[in-house]
Amino acid sequence: KRETTAWRYWAIRSMEAETSTSQNPRLQEMTASLAKERDFYGFLASEKLDKEYNLNHNPVLIDETRITSIKLQPAMQRARELFFHRDALDANREWLQASSNFIFEDWLAAAIIASQWQWHDKAIASLGRAKYWDDIEIRFPLAYTDIIDKSAQKTGLESYLILALARQESAFNAMATSSAGAMGLMQLMPATAKGTARKHKLPYKKRAQLHSPEINVPIASQYYLSLLERYDNNRILASAAYNAGPRRVDQWLDKSDGKLPFDIWIELIPYRETRSYVRNILMYSIIYSRKMGLTPPMLQRDEKLRLL
């Protein structure tokens, strides 16, 4: 599709091979237009222009009476109580029943309600149902920050990176379990959790504990740190390994043999899910860093320049 941000980015990249941005007004215009977008490619375009990234925050505005009427639905009330008591299965059933006939405005109201209840994955999913992507407050909540900050201090990772991982992995659903068996806030496989906890003397006895953020986040952060150490502090590779496994990443690196620029390497990752995952972790890190009042670049100099 010509209009996708990826297509626009690669059109710019191919034109850059023949002329510099400063010498080509059309190239300058295309880059400036792409830099308005809040996504991985838009952020890369902002970097080309040495401009701050555009977050395009546009909060949901919805009539208070609609919010109140949905909040007072009996099924919604039951969903809230069950969620509060950590009964995820029944809470989800009640939510499904309550939302079965929702229209666009109802989903927006539901997102606000779920956000108020700190039911973050439901808030994020509700905005997804409404295809409303611009409320950065609801879509990227600063959740579990005490636990995340503690893990950041212990590992030396940035809090915004751990937040990005948790947002991508589970949308902050501590009770999440994937079809592959990954569990909790940062979707740890029990075998990985066991090995990492044993190696770093972190508390962990049984897999059910992975639904507890206090157990999950420190182990997952330590595991991500071990991937960073394995790949010379390169978050592109560490994130790909967190998603697809380090063995696969090693195979991809062998294949590319240190000849590819970072953006081409990401584009050639064989798994669509992992390609998207790596882009999201980097992009979400920027969103969270800005929410925390920090201004790091999306990619460090070495991550940008190193051939993979």
**Item:** salt bridge (charged side-chain N to carboxylate O under 4.0 Å, His left out) involving Arg235 - partner list, sequence neighbours excluded
**Value:** Glu303
**Message:** List the residues meeting salt bridge (charged side-chain N to carboxylate O under 4.0 Å, His left out) with Arg139, not counting sequence neighbours, and say none if there are none.
**Reply:** none
**Asked** Do the side chains of Phe40 and Tyr9 get nearer than 4.5 Å, heavy atoms only?
**Response** no
**Request:** Check for a donor-acceptor pair, side chain of Asp257 on one end and backbone N or O of Lys259 on the other, with a separation under 3.5 Å.
**Result:** no
**Request:** Answer yes or no: is there a donor N or O on one side and an acceptor on the other, between the side chain of Thr4 and the main chain of Trp7, under 3.5 Å?
**Result:** yes
**Item:** Rounded distance [0.5 Å steps], CZ in Arg129 versus CZ in Phe102
**Value:** 10.0 Å
**Asked** Given the rule in the side chain to side chain contact (heavy atoms under 4.5 Å, CB included) test, do Asn280 and Ser276 qualify, once you have shown the distances and angles that lead to the verdict?
**Response** CA-CA 6 Å; Asn280 282 353; Ser276 171; 3.8 Å; yes
**Prompt:** Do Phe140 and Tyr132 share a hydrophobic cluster, counting only Ile, Leu, Val, Met, Phe, Trp and Tyr and linking them when any side-chain heavy atoms are less than 4.5 Å apart?
**Reply:** no
**Item:** Euclidean distance, Leu228 CG relative to Tyr224 OH, rounded to 0.5 Å
**Value:** 5.0 Å
**Prompt:** Checking Gln97 side chain against Arg93 main chain: does a donor-acceptor pair fall under 3.5 Å?
**Reply:** no
**Message:** Hydrophobic cluster membership, with links at side-chain heavy-atom distances under 4.5 Å among I/L/V/M/F/W/Y: are Leu299 and Leu55 in one?
**Reply:** yes
**Prompt:** How far does NZ of Lys48 sit from CG of Leu44, to the nearest 0.5 angstrom?
**Reply:** 7.0 Å
**Request:** Output the distance between atom CG (Asn216) and atom CD1 (Ile147), rounded to the nearest 0.5 Å.
**Result:** 9.5 Å
**Request:** Decide yes or no on side chain to side chain contact (heavy atoms under 4.5 Å, CB included) for Tyr277 and Ile281, but give the supporting numbers first.
**Result:** CA-CA 6 Å; Tyr277 185 94; Ile281 295 300; 3.6 Å; yes
**Request:** Run the numbers on Met186 and Ile162 for side chain to side chain contact (heavy atoms under 4.5 Å, CB included), then give the verdict.
**Result:** CA-CA 9 Å; Met186 296 177 72; Ile162 303 174; 3.9 Å; yes
**Complete:** When every non-hydrogen atom of Ala238 is compared with those of Leu227, the smallest separation belongs to O-CD1, 3.7 Å
**Prompt:** Just by modelled atom types, is the Thr192 backbone N or O under 3.5 Å from a matching donor or acceptor in the Thr196 side chain?
**Reply:** yes
**Request:** Show your working on side chain to side chain contact (heavy atoms under 4.5 Å, CB included) between Trp265 and Val278 and close with a plain yes or no.
**Result:** CA-CA 11 Å; Trp265 192 89; Val278 171; 5.8 Å; no
**Request:** Report the relative orientation of the aromatic rings in Phe172 and His120; use parallel for angles under 30°, tilted for 30 to 60°, perpendicular for over 60°.
**Result:** perpendicular
**Asked** Would Asp134 and Arg38 satisfy salt bridge (Lys or Arg N to Asp or Glu O under 4.0 Å), going step by step from the backbone distance to the final call?
**Response** CA-CA 9 Å; Asp134 292 341; Arg38 180 194 59 245; 3.0 Å; yes
**Fill in**
For Met298 and Tyr53 the tightest heavy-atom approach is N-OH, 2.8 Å
**Item:** Separation of Tyr284 OH from Ser239 OG (nearest 0.5 Å)
**Value:** 12.5 Å
**Prompt:** With no hydrogens and no angle check, is any side-chain donor or acceptor of Arg290 less than 3.5 Å from a backbone partner on Pro296?
**Reply:** yes
**Prompt:** Hey, any chance Phe43 and Leu294 share a hydrophobic cluster, counting ILVMFWY side chains that come within less than 4.5 Å of each other, even indirectly?
**Reply:** yes
**Request:** Step through the shown structure and confirm whether more than 12 heavy atoms of other residues, nucleotides or ligands are within 6.0 Å of NZ on Lys150.
**Result:** no
**Request:** Kindly assign one of parallel, tilted or perpendicular to the pair Tyr271 and Trp252, based on the angle between their ring planes and the thresholds 30° and 60°.
**Result:** perpendicular
**Asked** Above 12 or not: heavy atoms from other molecules or residues under 6.0 Å from NZ of Lys194?
**Response** no
**Asked** Does Arg167 make a cation-pi contact with Tyr288, if we ask for NZ or CZ under 6.0 Å from the ring centre and within 45° of the axis?
**Response** no
**Fill in**
Closest heavy-atom pair, Leu49 versus Ala32, reported as atoms and distance to 0.1 Å, is CD1-CA, 3.6 Å
**Message:** Any side-chain to backbone donor/acceptor pair from Ser178 onto Gly181? Under 3.5 Å, distance only.
**Reply:** yes
**Message:** Could you check whether any side-chain N or O of Asn92 sits under 3.5 Å from a backbone N or O of Ala88, counting only pairs where one atom can act as donor and the other as acceptor?
**Reply:** yes
**Asked** Is it true that Tyr144 and Phe84 fall in one hydrophobic cluster, defined by side-chain heavy atoms closer than 4.5 Å?
**Response** no
**Asked** What about Leu307 and Ile264, same hydrophobic cluster or not, with Ile/Leu/Val/Met/Phe/Trp/Tyr joined at side-chain heavy-atom distances under 4.5 Å?
**Response** no
**Sole residue of Leu157, Leu165, Leu202, Leu161 in side-chain contact (heavy atoms from CB on, under 4.5 Å) with Ser221** = Leu157
**Request:** With the side chain counted from C-beta on, respond yes when Tyr231 and Leu253 share a heavy-atom pair under 4.5 Å apart, and no when they do not.
**Result:** yes
**Fill in**
What one should report as the nearest heavy-atom pair of Ile219 and Ala197 is CD1-CB, 4.0 Å
**Asked** Do the side chain of Thr274 and the main chain of Pro270 share a donor and acceptor less than 3.5 angstrom apart?
**Response** no
**Prompt:** So how far is it from Leu210 CG to Leu188 CG, rounded to the nearest 0.5 Å?
**Reply:** 6.0 Å
**Message:** Looking only at side-chain N and O atoms, does Lys71 offer a donor or acceptor that is under 3.5 Å from a partner on Gln77?
**Reply:** no
**Request:** May I ask you to decide if Arg66's main-chain N or O and Ser69's side chain share a donor-acceptor pair within less than 3.5 Å?
**Result:** yes
**Asked** What heavy-atom pair brings Ser170 and Gly184 nearest, and what distance separates the two atoms?
**Response** CB-O, 3.7 Å
**Fill in**
On a heavy-atom basis, the closest approach of Leu308 and Asn234 is CD2-ND2, 4.1 Å
**Fill in**
Given the options Arg78, Arg80, Lys122, Glu94 meets salt bridge (charged side-chain N to carboxylate O under 4.0 Å, His left out) only with Arg78
**Request:** Determine whether the side chains of Ser33 and Arg8 contain a donor N or O and an acceptor N or O closer than 3.5 Å.
**Result:** yes
**Asked** Above 12 or not: heavy atoms from other molecules or residues under 6.0 Å from CG of Asp254?
**Response** yes
**Request:** Take atom CD of Glu267 as the centre, draw a 6.0 Å sphere, and report whether it contains more than 12 heavy atoms from other residues, nucleotides or ligands.
**Result:** yes
**Prompt:** Which residues pass the salt bridge (charged side-chain N to carboxylate O under 4.0 Å, His left out) test with Asp250, sequence neighbours left out?
**Reply:** Arg230
**Asked** Does the Asn54 side chain pair with the main chain of Ala35, one donor and one acceptor, at a distance under 3.5 Å?
**Response** yes
